[in-house]
Each structure stands twice: as C-alpha cells, then as structure tokens.
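Below is one structure; the comments refer to it alone.
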Amino acid sequence: MADVLETLKRRGFLQQMTDEASLSEILASGPTTFYVGFDATAPSLHAGSLVPIMAMAHLQRAGHRPIALLGTGTTLIGDPSGKTESRPLLSREEIARNKEGIRANLENFLALDGEKGLLLENGTWLEPLKYLDFLREIGRHFSVNRMLAAETYKIRLETGLSFLEFNYQVLQAYDFLVLYRDYGCRIQAGGDDQWGNMVAGTDLIRRVMGPGAKAEAMTFPLLTTASGAKMGKTEKGAVWLSAERFSPYDYYQFWINADDRDVRRFLLLFTFLPEEEVEALAALQGAEIRKAKETLAFEATRLLHGDEEAQKAREASRALFGGAGDASRAPTCILSPGEADQEMDLPALFVRAGLCKSRSEARRLILQGGAYLDGERVKDLEKKVDLSRLDPEKGILLRAGKKKYCRVIRAPE
RNA sequence: GGGCAGGUACCCAAGCGGCCAACGGGGCCAGACUGUAAAUCUGGUGGCGAAGCCUUCGGAGGUUCGAAUCCUCCCCUGCCCA
C-alpha cells in the first residue's frame, strides 16, 4: 500500500494532524475507515469543498473506506466556528432537499456504494437523542471553560453566541464517537476551521472508550487564491458543483482564469496528474502558462462533469478565446420563434441573454464600449437587431466585456 | 424586564430639514495595457429614460411647502444591569 499520507502531504493537502506518526501507522496497517462531514446548508457543494473531496478520493484510491457524513442533524444547529454571525436556521425540509444535491456532488468523485464507501447522515442518531441522557452521558465530558477559551469562538464571544450554536461542537464530537464505535471509523478529516470540533471528538472518544481508544484527526488547509479571495467564490457567487447551478463551461472558465501563482498548487490539489507532470506544467513561463491552465481546467472539469462535458467546455473556450474549435459549445440562449420575430434593441438583447441584469446596466456596458455582436464592438443604444432571420445553427454571438459570452439562437418552429 | 449605543446602497462608512440617488473607501463592472494572468491608469456602479421621471436610507404612521435627517409607535442588533 503506497504511503498515501505522504502523497497528501506532498500535494499540499495537510494542515494539522493530531499525531502524524499514529496516523501514518493506522493508514499503513491496512484499509481504514475515515470520515469527513459536510453541512447540508445548500443544495450543492461548491469548489471550496473540493479539497476534502479530493483528499477523500486519494484515500479511497489507496484502499481506505471513506464515510461522507451529511450533517442533517447538525445543520439544524449551525456551526458557529470561525463565523462572525449566525446563519438563519434551516428547516428540515430544506435540509432534506439539500442532502440529495450534495449526495450527487459527492458521487461524482467517490464510490459511496455502502461497500467501498459510505454515505451517512447524523440526523439518524442525533434526532432521537434524549436531552437529559445526552447531558449526563456526553455533556459531562465537556469543559465550558475550555470551549470559551477556544479561538474559533473568539469573535462570537464579542458579537454574540447563542446556546444553540454553542452545542454544535458537542454534537460533532458525538458524531465521531458514534462512527468510531459503530463503524470502526478511526480518523476524522475536514477543513482547518473544524480543528476544534474534531479534537473535541478525539478527546470524547478517549474519555468514553478508555485510554486505549485511538482516534485521530487531520485538517486540510482553507484555501485562498493568490489574490486573497476565498477559494470557490467568485464575484458572482459560489462556484457550485452542480451542473444546473454552474455550467460545465463556467466551471472550466473558472479554472482557466486561475491566477498564475495558483496554477501549481491547484494542479496538485484538484487533479490526479502525477507530480512530475505537474512540475513540468508549472515550470512554464509567460504566456505558456496558459497551457498549464488549460490542463488544469480540463482535468478539473473532467473529474466533476465527465470527459464529454469537459471536451465540450474546452471546445467552446478555445473557439471563443482562441478562434479555433467549435463555437456552438458556447453558452446559449434560445429564443422562441415568437420572441425572435420581434425586433429587440441592443440593451434588451443583452438583458434577455442574461449578460446584464437591467437595461441600465446594459446601457452602461454599451456606452462604455464593452458590448460586442459577432466580435464587432457596438456602441449604438438604439440599434435594433433583427432576430427573425437568425441562422438556427450559428445564431448571433454576444459578448459583454472580455470574458462573458452568450450565443443567441432561434428555436426551430 | 431596566439603562445605553446603534440599524444608510454588495460591505465598511459619512450625511442629521431643501444643494441627496445620498461624501469617502473596499468590492464589483467596463475601457486602455496584456497572456482569458498580475500590477497600473481612466470611467462607471438603484430603475426607466432625450430632458426628466419613478422607487430607496430597519418597519408603520405623523409634523412640514419639503424628511435619510424632526416626532410617535413597533421590529432587530450589540453592550451594561437583572
């Protein structure tokens, strides 16, 4: 069995470990069960969750058994760790809906068939808990003094921390105990903001299961891009993993627009390319780096959306930005025949294609010279576009600014 | 429950009766320069528009020719006290 911990370390996955020697020993001794928790706060995960997911995939490839734990119970509480304010409470219905989306995201990367990997939800054991029993059996192991001193709650102690949220850590620790006891899960992994919650879990296991109990925790770095933004967020919002919320083309573009300084790190984290290959790509200088970015984008898109979608996205990207490739793969807006028969002025067209939010915004765009029709800059606000004779294949290509494209075509009668 | 301080556009934050669609900064958008990078510079950043109009300053009422600005009630947040 290859030293997967070493691999993870070299590829930049590891931030903190409770006991590196012990972890290494556990992983080397044979197939091991480990878990990573995911909050069910949204109907899709976003790119920020990719680090843990990729780490899980590496471990699974090395023969270990991942448990993806969906926080259907803990999400009812809300994790205050490192947050400046509490989130609105989610209903059970929302959480149930979110769960399905997240499951689909995870299954793109991991086998969660119950054999090679498991998908569990902590609502299963948290929902039936009896308050008094829980306090007596689990609550007594927690020191309020220590929890209050924790760094993750520091901000919240100034701005307000409700008793509800204060319980989050206790519940997450309890999760680990349940998984340890009932599923033989010995390792918890997660983002570095989870460190406090994870260590609370290993402590609880030792206290409840006795000093011989060996449970470990490891965290992954919380990535920021070289320009300081949180990984997985763009100005327009999160980079979702669900194709419905964030198209494969947009996903591809997200990666290809990576900052130069991030390319090496991203290739190591978000692709399975061998390290030598990554180093070769990362060594490219100047404009050549675009080759490395194209590889990054293609591989990352392939992992999430599959080979076919990745190829389509690459075709579109090449066509729009390089002049080669098939432009019909570009994002497309289809007009009904009724719509197409009406003349539209330029602002209306840009709004209809979704490139601008309001007519005012479209007007600004056009006035400032950021609007293009089939590659030609257009500055005439009044210009009418005759859509009734659009070529049903090619349509007309709209561009807003440097990077946003939309092809408008007319639906067949 | 009592006392105090607050709630202004994506965020921070001015404004405290007309000159306010609301200073400034950040962010974001566009342009120039580039390599679909970074940095830099310029312009823009509620909506509809030709002028102009319409909707905004926690919510609802009120005073006034005129309110983000004054008054009343309510909601929310933080701090201190119970």
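As a basis for the values below, the full set of heavy atoms in this structure was taken, side chains included, without hydrogen atoms, waters or symmetry mates. By convention in this document, chain letters (A, B, ...) are assigned in the order of the sequence lines, proteins followed by strands, and residues within each chain are numbered from 1.
Nucleic acid contact for A:Tyr372: sugar-phosphate only, since backbone atoms but no base atoms lie under 4.0 Å from a heavy atom of the residue. Residue-level contact check: A:Arg377 touches the backbone only, with heavy atoms under 4.0 Å from sugar-phosphate atoms and none from bases. Among the protein residues, A:Leu365 comes within range of the sugar-phosphate backbone only, with heavy atoms under 4.0 Å from sugar or phosphate atoms but none that close to a base. Residue-level contact check: A:Gly401 touches the backbone only, with heavy atoms under 4.0 Å from sugar-phosphate atoms and none from bases. Among the heavy atoms of the strands, none lies under 4.0 Å from A:Ala371. Residue-level contact check: A:Asn257 touches the bases, meaning some heavy atom is under 4.0 Å from a base atom. Using a 4.0 Å heavy-atom criterion, one finds that A:Glu288 contacts no nucleic acid atom at all.
Figure legend. B:G78 is base-paired to B:C4; pairs are counted as Watson-Crick or G-U wobble with both atom distances under 3.5 Å. Both distances falling under 3.5 Å, in either a Watson-Crick or a G-U wobble arrangement, place B:C73 opposite B:G59. Using Watson-Crick or G-U wobble geometry with both donor-acceptor distances under 3.5 Å, B:G27 finds its partner in B:U45. Under the Watson-Crick and G-U wobble criteria, each requiring two contacts below 3.5 Å, nucleotide B:G35 is left unpaired. Taking a pair to require two hydrogen-bonding distances under 3.5 Å in either a Watson-Crick or a G-U wobble arrangement, B:C20 remains unpaired.
Aromatic rings from A:Phe272 and A:His58 are positioned such that their centres are separated by under 6.0 Å. Taking the six-membered ring where the residue is Trp, the centroids of A:Tyr251 and A:His305 are separated by under 6.0 Å.
A:Arg92 CZ: 12 or fewer foreign heavy atoms inside a 6.0 Å radius. Crowding of A:Arg359 atom CZ: a count of heavy atoms from other residues, nucleotides or ligands under 6.0 Å exceeding 12.
Evaluation of atom-type donor-acceptor distances gives no pair under 3.5 Å for the side chain of A:Ser360 against the base of B:U45. Between the base of B:U36 and the side chain of A:Gln253 there is a donor-acceptor pair shorter than 3.5 Å.
A gap of 47 Å separates the P atoms of B:G3 and B:C48, to the nearest Å. Taking atom C1' on both nucleotides, B:C19 is separated from B:A68 by 15 Å, rounded to a whole Å. With both ends at atom C1', the span from B:G18 to B:G24 equals 23 Å, rounded to whole Å. With both ends at atom C1', the span from B:G46 to B:U42 equals 24 Å, rounded to whole Å. As rounded to the nearest Å, B:C20 and B:G52 have P atoms that lie 15 Å from one another. The same atom, C1', is picked in B:C57 and in B:C4; the two are 24 Å apart, to the nearest Å. A gap of 33 Å separates the P atoms of B:G58 and B:A50, to the nearest Å. Using atom C1' as the reference point in both B:C10 and B:A5, the two lie 26 Å apart (nearest Å).
Residues that satisfy the salt bridge (Lys or Arg N to Asp or Glu O under 4.0 Å) test with A:Lys291, not counting sequence neighbours, are A:Glu288.
In this structure, A:Arg290 atom CZ and B:U34 atom P are separated by 14 Å, rounded to whole Å.
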What does nucleotides 39-44 of chain B look like as a protein-contact string, B for base, S for sugar-phosphate only, - for none, at under 4.0 angstrom between heavy atoms?
-> ----BS
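Taking a cutoff of 4.0 Å between a charged side-chain nitrogen and a carboxylate oxygen, A:Lys312 and A:Asp307 do not qualify as a salt bridge.
Side-chain atoms of A:Leu171 and A:Phe134, non-hydrogen and from C-beta on, do get closer than 4.5 Å to each other. The shortest side-chain heavy-atom distance between A:Ile187 and A:Ile26 falls under the 4.5 Å cut-off.
Contact annotation: A:Ser358 does not reach the phosphate of B:G46 (side-chain N/O to OP1 or OP2, under 4.0 Å).
Mapping A:Asp345 and A:Ile289 onto RNA chain B via the closest heavy atom, the residue that lands nearer the 5' end is A:Ile289. Nearer the 5' end of RNA chain B, as judged by each residue's closest nucleotide, is the contact made by A:Arg399, out of A:Arg399 and A:Arg363.
The A:Lys402 side chain lies nearest to B:G31 when the options are B:G31, B:A38, B:A50.
Here the rule is ring pair (Phe, Tyr, Trp, His ring centres under 6.0 Å) with A:Tyr405, and of A:Phe321, A:Tyr372, A:Phe350 only A:Phe321 fits it.
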